[in-house]
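Notes for the one structure printed next.
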There are 2 protein chains.
Amino acid sequence: MIQINERSMTPIYEQIINQVKELIVKGGLREGDKIPSVRELSGMLLINPNTVAKSYQELERQGVIATARGKGAFVCKPAASPGMERERGEQLREEMKRLIIEARHLGMTKAGFKTWVTDEVERNWGEQDADG
Amino acid sequence: MIQINERSMTPIYEQIINQVKELIVKGGLREGDKIPSVRELSGMLLINPNTVAKSYQELERQGVIATARGKGAFVCKPAASPGMERERGEQLREEMKRLIIEARHLGMTKAGFKTWVTDEVERNWGEQDADG
DNA sequence: TGTGTGTACTATACCGAATGATACAGTATT
DNA sequence: AATACTGTATCATTCGGTATAGTACACACA
């Protein structure tokens, strides 16, 4: 379900965040589904509970999951606050800009880049939405 | 020319790397151009020379610039080694995957994402290339 | 012989990531 | 009431990367 790469440059708590989001997007987790408890997941991944807790707190801050003492953590319906969307939208622009510059330095052409992006979208977007 | 954001989460030496690459892509720096010396740039940015040196070493490792003792650092002609291209290509795929998943969680539609990417490409790609 | 260049090395300070352990607070079940 | 589960909070500690500081070396050029 969730796998951790010890040698990755991205910290463990971010790997958890990213993989939970990926599972949701790709249909492995649906709205209302219960995700493993802090202690469960820390036991499965052989990492510290505090690290998992940090991931869940950030996921809740982003409106991806909802947590409740004694009950557990559950997948939310997508409902990001406007402020949060602006914040993460700006970050997304910066990352895309960096990615484009990197692609140029790898020798990609503009047309090649566009088709490459299209391929990656088809591979990672998950289920179709209204205008898919 | 190059500006450092002290409060940014990205380390200074990476900011330098990214901005040098951006300058090259956007035409501010061309093949053969001399870039500021380690001590010059560290003086301009009010940072430690070792930090600039680290940036230049990574830029040289990636084949973006060439350095020579006593002469300085100069912009290279793009000639990345095949191994380097594979390494960075894989990294690019991972980043794009993460970016796509993030876009979904921000409520973008597939079509909306594609047009957004197109806009960013037009804004950041720089001069036209063969099939632009 | 100078001056400017990249490079190398050591030492230090700071911060985030991750661990370990303990305790607290709310929920559900028995 | 008791118990077991949940998320949360706090403290201490270790570890690695970032950045600074200072010094020294090797090469190029005038």
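Proteins come first, then strands; the chains are lettered A, B, ... in the order of their sequence lines, and each starts at number 1.
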Record whether the side chain of [X] comes under 3.5 Å of the base of [N] through a donor-acceptor pair of N or O atoms.
X       : N      : answer
A:Asn48 : C:dA21 : no
B:Asn50 : D:dG22 : yes
B:Arg39 : C:dG6  : yes

Answer yes or no: does a side-chain N or O of [X] lie under 4.0 Å from OP1 or OP2 of [N]?
X       : N      : answer
A:Lys54 : C:dA17 : yes
B:Tyr13 : D:dA19 : no
B:Thr51 : D:dT20 : yes
A:Thr67 : D:dT8  : yes
A:Ser37 : D:dC5  : no

Nearest-Å distance for atom pair [atom1]/[atom2], residues [X] and [N]:
X       : N      : atom1 : atom2 : result
A:Lys34 : D:dT6  : NZ    : C1'   : 8 Å
B:Ile12 : D:dG17 : CD1   : C1'   : 13 Å
B:Arg69 : D:dC29 : CZ    : P     : 13 Å
B:Leu41 : D:dT20 : CG    : C1'   : 16 Å
A:Ile16 : D:dG7  : CD1   : C1'   : 15 Å
A:Lys71 : C:dA25 : NZ    : C1'   : 15 Å
B:Ile47 : D:dA21 : CD1   : C1'   : 14 Å
B:Met9  : D:dA19 : CE    : C1'   : 15 Å

Requested in this report: Would you classify B:Gln15 as touching base, sugar-phosphate or nothing, given that sugar-phosphate means primed atoms plus P, OP1 and OP2, and contacts are heavy atoms under 4.0 Å?
Outcome: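 Nothing: the residue B:Gln15, judged by heavy atoms under 4.0 Å, touches no strand.
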Query raised in the report: With a 4.0 Å cut-off on heavy atoms, is B:Glu6 in touch with a base, just the backbone sugar-phosphate, or nothing at all?
Result: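 Touches nothing.
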Query raised in the report: Of A:Thr10 and B:Pro36, whose nearest nucleotide on DNA chain C comes first from the 5' end?
Result: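 The residue mapped nearer the 5' terminus is B:Pro36.
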Query raised in the report: Does a donor on one side chain and an acceptor on the other come within less than 3.5 Å for B:Glu87 and B:Gln91?
Result: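 Result is no, nothing qualifies.
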Query raised in the report: Do the side chains of A:Arg88 and B:Glu102 get nearer than 4.5 Å, heavy atoms only?
Result: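 Heavy-atom side-chain distance check passes, below 4.5 Å.
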Query raised in the report: Measuring from A:Leu92:CG to B:Arg98:CZ, what's the distance to the nearest 0.5 Å?
Result: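 Reported to 0.5 Å precision, the distance equals 8.0 Å.
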Query - Linked, directly or transitively: A:Met108 and B:Ile100 (ILVMFWY side chains, under 4.5 Å) - result: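 Both belong to a single hydrophobic cluster.
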Report task. Verify the neighbour count for atom NZ of B:Lys71: are there more than 12 heavy atoms of other residues, nucleotides or ligands below 6.0 Å? Result ->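 Atom NZ in B:Lys71 is not packed in, count stays at 12 or less.
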